[in-house]
Each structure stands twice: as C-alpha cells, then as structure tokens.
Amino acid sequence: MSIAGPLSAVGAAGIPVILDLLTGGQISTPALIGIAVALPGIWLVSTTRRAPGYDGGVREGLLAGVGFAV
C-alpha cells in the first residue's frame, strides 16, 4: 500500500489534467498546487528501498489510478 496508494492517487489526479491540456484546456491554480505536491510524492515513492524482484504494487497502483481517473 505504501507504493500502490500514492501511485493511484497521482494517476487519478494527473490523468484528467493531462487530458485537459491535450484538448486545449488551461491549468487552474489548484491543479498547479496539486501537481507541485504530487511530484515530490512520486519521487519519494520511486526512491523507496525494496527487495529484489518485488514490484511493491506498482502495476496495481497504476491500474487503480487509471480506473479512478476514468
């Protein structure tokens, strides 16, 4: 959960922002604040030590993020 949870949250928040930008939208101030908070979270998750061969739920987190965003 320490990896899947943050990844799903970032995916759920980030995918709609990216799609909005691709369709000609503009980023609002709350969205910019959210991006600024999410980026350090992604960095912290990606630098976590884990055992060799253990993905820590990365696939599940990304899939959940896409599901929440849709």
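What you see is a predicted model; the values in this text were computed from it and never measured.
Residues Ala64 and Ser8 come closest through the heavy atom pair CB-CB, 3.6 Å. Shown here for Ala69 and Pro16, the closest heavy-atom pair between the two residues is CB-CD, 3.9 Å.
Note on Ile35: it clusters hydrophobically with Val10, by side-chain heavy-atom contacts below 4.5 Å among ILVMFWY residues. Phe68 and Leu7 fall into different hydrophobic clusters, where Ile, Leu, Val, Met, Phe, Trp and Tyr residues are linked whenever their side-chain heavy atoms come under 4.5 Å apart, directly or through other members. The cluster map of Ile, Leu, Val, Met, Phe, Trp and Tyr, joined by side-chain heavy atoms under 4.5 Å apart, puts Val17 and Leu32 in the same cluster. When the side chains of ILVMFWY residues are joined at heavy-atom separations under 4.5 Å, either directly or via intervening members, Val66 and Leu19 end up in a single hydrophobic cluster.
If you take CD1 on Ile18 and CD1 on Ile27, they are separated by 9.0 Å, rounding to the nearest 0.5 Å.
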